[in-house]
Each structure stands twice: as C-alpha cells, then as structure tokens.
Amino acid sequence: MSHVGKKRKVDKSGQDRHYFNSYTDVTIHEEMIADHVRTNTYRMAILRNSELIRGKVVLDVGAGTGVLSMFCVQAGAKKVFAVEACSIAEQAANIVRQNNMEDRIEVIRGTVETVDLPEQVEVIVSEWMGYALLHESMLNSVLFARDKWLKPGGLILPNKAELYISPISDPVVEDRLNFWYTVKDRYDVDMSAMSGFARKCIMNSDITMISVHVEDVLSHPARFAELDLNTVTVDELRSVKGKFKCDSFGSAAVNAFCVHFTVTFPCPDKPLVLSTSPFKQETHWKQAVLYLDAPVEVVQDTVVTGEVCMYPSEDSARHICIHVDYTIGEQKRQSKTFSIPDWNSEGHTQ
C-alpha cells in the first residue's frame with residue numbers, strides 16, 4: 001500500500017493517531033493474515049518454543065486481531081496480555097471469545113508505553129516489522145516493553161533482525177523511460193522531449209515498495225546491519241548503518257538498489273528465519289527499491305561498494321529515511337537520500 005502526497009510535518013501525537021488509525025480497517029489485517037509466509041512462520045516459531053512458553057506469561061505487543069496471542073495459547077501459555085492501541089482491539093476480543101480463550105488472553109486497549117500490566121512477563125512476541133524493516137518505528141515499543149515488562153533472561157520472538165542490499169536492474173523503469181521515444185512511430189508526434197522529465201519523476205527519491213524479480217537482481221545480497229533485540233537500544237535505532245560490497249553477476253545496467261530484511265526466531269532445534277528476500281517466497285512487505293538518478297553499466301564481477309544509513313525522518317519520526325553512499329566500478333562515489341512518501345497528507349486516507 002503506497003500513498004503519495006505532499007509532505008507536511010505532523011506533531012508526534014498526530015503521527016501516532018494517523019498510524020493507529022491505519023490499522024482500524026479490515027484490509028490491512030486481511031493482508032497480514034493472508035500472508036502465509038509471515039503468519040505461518042510466526043505460528044511455527046511459537047509452537048516450536050512451546051517448552052519455553054508453556055505455563056508462562058506472554059506479552060503480545062501490537063496484537064492486532066490477536067492471532068499471535070492465540071498461537072501462544074496453543075503453545076501452552078498460562079496468560080497472554082494482548083496489547084493493542086487501535087480499535088481493532090474490540091475485534092480481537094471477539095475473536096478470543098469465539099475461540100474460547102478469554103480465560104487465558106486479556107486484550108488491553110492502549111499503547112504498551114501507557115498500559116499497566118499486573119505482572120512481569122517471561123515472553124514477548126510481536127510482529128513489529130514495517131516496510132524496509134524500520135518504517136513505522138514500532139520496534140521502539142517492543143524495546144520499551146522489553147525494558148519495562150520482560151523478566152531477566154526472558155524470550156523475545158523474533159530476537160534478531162538483519163538488513164540486506166543488492167544492486168538491481170528494473171526493466172519496467174527502462175520501458176517507461178523509453179516509452180516517450182515510441183510515441184512518434186504511433187502517432188507521428190515526437191514526444192522524446194518528455195524523457196528527461198519522465199526520468200526525474202520515475203527515478204525520484206521515494207522508497208518504492210514493489211516485488212523484485214530474481215532475474216533482475218545483479219548480485220548476492222550483502223548484509224549491512226544486524227539488530228539484536230535482546231540488547232539494541234532506542235538510541236541506536238536513530239542511526240542504523242553499515243557498509244556493503246557486492247560483486248556483479250554479469251552485464252547489465254544498475255538502475256536501483258533493493259533493500260530487504262530477515263528476522264530470526266530462536267528455536268530449540270535450529271533458528272527459524274522469516275525472509276523478505278526476492279530469492280524467497282513473496283510477502284506483503286515486498287522489497288524496498290531505491291532508484292538511482294541514472295543507470296550505470298556493469299559487467300561480470302564489477303564491484304559495487306558503499307554504506308547505508310537508515311534513520312527517522314525529521315518530518316515524521318514514524319517514517320524512515322535511507323541514505324546511500326555508493327561506488328559502482330570505476331565511477332566516482334555517489335550519494336542519494338530516499339524516504340517513503342507521506343501517506344497521511346491531506347486528501348489521502350488509508
């Protein structure tokens with residue numbers, strides 16, 4: 001879901017209100033539950049940790065419709081506090097009753113920063129990931145819950161997140177840019193003068209959420225950041241950065257970078273990984289695509305290096321910005337900063 005509009009600065013309470021309101025409609029919950037990779041990975045991770053969950057108290061941060069809370073009950077949890085800030089909490093309570101779990105799941109309407117739980121918890125579960133991992137800043141709430149409510153040595157699901165980048169060649173962009181050169185053949189009107197304007201509009205500074213095809217990825221993804229949810233701090237999330245190095249697969253024109261993430265669940269046998277890689281089954285997160293100002297030709301083993309820095313937008317702390325410094329082959333070093341368009345602008349609703 002992408003909404004493009006004029007950017008404007010919103011106060012924090014307004015940002016939060018817009019954010020929580022976006023989860024009051026059925027569409028986003030349908031999209032998340034229907035995402036089999038997402039939902040089933042959480043289910044399997046929770047059930048595989050049944051030995052650590054059975055008889056324990058669990059906190060579900062941003063519970064939504066309560067599905068993760070119910071997985072925890074299926075895994076044997078003694079009590080689950082399902083904390084949800086938006087009005088979907090009413091539907092969660094209905095679903096809990098429908099599944100005869102009201103004796104084990106308590107749905108609490110409010111933000112995790114303001115609710116008062118009756119006891120500490122041994123487990124925190126949360127599906128906090130946004131586009132490009134950090135968009136929406138819900139991880140801050142998980143860390144708050146960890147520091148305030150989780151007993152020492154408690155379990156966090158998932159407990160690790162990793163960010164990756166790879167150069168890509170998006171053929172759709174090249175087709176769209178080439179379109180203006182084909183108009184004369186169709187209508188005998190030369191509109192090639194539009195090409196520069198089209199390039200400026202298409203290869204802009206927006207973080208574009210699309211599904212990237214495997215054949216368009218030009219190198220193995222390079223990891224540039226890792227977050228340990230047991231130790232990472234809110235202050236460290238203000239600047240998540242790292243260097244990367246990629247070796248090109250073959251001859252092509254690099255016109256964008258692709259950013260994806262994974263989260264890892266600790267399990268008794270082996271960790272379970274939820275991946276949004278273009279090499280894996282598609283998820284509702286898709287991939288974050290960052291278009292360069294102009295394509296750069298590469299050949300086999302051309303080296304692409306750089307550094308990525310992700311940080312909250314000055315206009316809206318819940319929105320993420322991505323700054324990339326990069327060098328492709330012998331080209332001089334380039335820099336570009338990207339942001340997700342402001343979905344909460346006037347005239348645009350969820």
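Only a predicted model underlies this, so the values are computations on that prediction, with no experimental measurement involved.
With rounding to the nearest 0.5 Å, the separation of CG in Asn255 from CD1 in Ile202 is 10.5 Å. With rounding to the nearest 0.5 Å, the separation of CD in Glu51 from SG in Cys267 is 12.5 Å. The structure places OG of Ser316 at 12.0 Å from CD of Glu314, a figure rounded to the nearest 0.5 Å. Taken to the nearest 0.5 Å, the NZ atom of Lys200 stands 10.5 Å off from the OG atom of Ser205. Residue Thr233 holds its OG1 atom at 10.0 Å from CG of Asn140, rounded to the nearest 0.5 Å. If you take CD on Gln281 and OG1 on Thr276, they are separated by 13.0 Å, rounding to the nearest 0.5 Å.
Counting heavy atoms from C-beta outward, Val303 and Lys245 have side chains that approach closer than 4.5 Å. Residues Pro271 and Lys160 have side chains not in contact (no heavy-atom distance under 4.5 Å, counting atoms from C-beta outward). A 4.5 Å side-chain heavy-atom check between Ile108 and Leu117 finds at least one atom pair inside the cut-off. Taking 4.5 Å as the limit, some side-chain heavy atom of Leu237 sits within range of a side-chain heavy atom of Leu143. By the 4.5 Å heavy-atom criterion applied to side chains, Met44 and Phe265 are not counted as neighbours. Counting heavy atoms from C-beta on, the side chains of Leu133 and Leu139 never come closer than 4.5 Å. At least one side-chain heavy atom of Met310 sits less than 4.5 Å from a side-chain heavy atom of Ile320. When side chains are defined from C-beta on, Ser126 counts as touching Met138, because their heavy atoms get closer than 4.5 Å.
For the pair Gln120 (side chain) and Trp149 (backbone), a donor-acceptor distance under 3.5 Å is present. In this structure, Gln91 contributes its side chain and Ile88 its backbone to no donor-acceptor pair below 3.5 Å. For Lys336 (side chain) and Asn204 (main-chain N/O), a donor-acceptor pair under 3.5 Å exists by modelled atom type. A donor-acceptor distance shorter than 3.5 angstrom exists from the side chain of Glu127 to the backbone of Met129, with no hydrogens or angles considered. Looking at Asp185, its side chain never comes within 3.5 Å of a backbone N or O of Thr182 through a donor-acceptor pair. Looking only at distances, a side-chain donor or acceptor of Thr39 sits under 3.5 Å from a matching main-chain atom of Met32. Gln287 contributes a side-chain N or O that, together with a main-chain N or O of Val212, makes up a donor-acceptor pair within less than 3.5 Å. Between the Asp190 side chain and the Ser192 main chain, a donor and an acceptor come within less than 3.5 Å of each other. Checking side-chain atoms of Glu84 against main-chain N and O of Gly64 turns up a donor-acceptor pair under 3.5 Å.
Scanning all heavy atoms of the two residues, the minimum distance from Asn100 to Asp103 falls at O-OD1, 3.9 Å. Among all heavy-atom pairs drawn from Tyr42 and Leu157, the shortest one is CE2-O, 4.4 Å. Counting all heavy atoms, side chain and backbone alike, Pro266 lies closest to Asn49 at O-ND2, 2.8 Å. Pairing each heavy atom of Leu177 with each of Met203, the nearest pair is CD1-SD, 4.0 Å. Heavy atoms only, all atoms of each residue included: Arg109 and Ala89 are closest at CD-CB, 3.8 Å. Between Ala77 and Val80 the shortest heavy-atom distance is CB-CG2, 3.9 Å.
In terms of hydrophobic clustering, with Ile, Leu, Val, Met, Phe, Trp and Tyr side chains grouped at heavy-atom distances under 4.5 Å, Leu274 and Ile33 are assigned to a common cluster. Grouping the Ile, Leu, Val, Met, Phe, Trp and Tyr side chains by contacts below 4.5 angstrom, directly or via other members, places Val289 apart from Val298. One hydrophobic cluster, built from ILVMFWY side chains closer than 4.5 Å, cannot hold both Leu290 and Ile168; they sit in different ones.
Other residues, nucleotides and ligands place no more than 12 heavy atoms under 6.0 Å from the CD atom of Glu30. Counting heavy atoms of neighbouring residues, nucleotides and ligands inside a 6.0 Å radius, atom NZ of Lys79 exceeds 12 of them. Heavy atoms from other residues, nucleotides or ligands lying under 6.0 Å from CD of Glu215 number more than 12. Within a 6.0 Å radius of NZ in Lys243, other residues, nucleotides and ligands contribute 12 heavy atoms or fewer.
Ring centroid separation for the pair Phe257 and Phe244 comes in under the 6.0 Å cut-off. Remark: aromatic rings of Phe197 and Trp180 are distant, center separation not under 6.0 Å.
Under the ring pair (Phe, Tyr, Trp, His ring centres under 6.0 Å) test applied with Phe261, the options Tyr131, Trp128, Trp285, Tyr164 reduce to a single match, Trp285.
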Is there a side-chain contact (heavy atoms from CB on, under 4.5 Å) between Gln74 and Arg43 once you walk through the steps? CA-CA 9 Å; Gln74 291 174 350; Arg43 180 173 180 268; 4.2 Å; yes

side-chain contact (heavy atoms from CB on, under 4.5 Å), that's the test. Do Cys321 and Ser339 meet it? Break it down for me. CA-CA 4 Å; Cys321 294; Ser339 60; 4.0 Å; yes

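Between the side chains of Asp325 and Ser335, at least one donor N or O sits under 3.5 Å from an acceptor N or O. Under 3.5 Å, the side chains of Tyr181 and Ser195 contain a donor-acceptor pair of N or O atoms.
Lys151 and Glu122 are joined by a salt bridge, as a carboxylate oxygen and a charged side-chain nitrogen come within less than 4.0 angstrom of each other.
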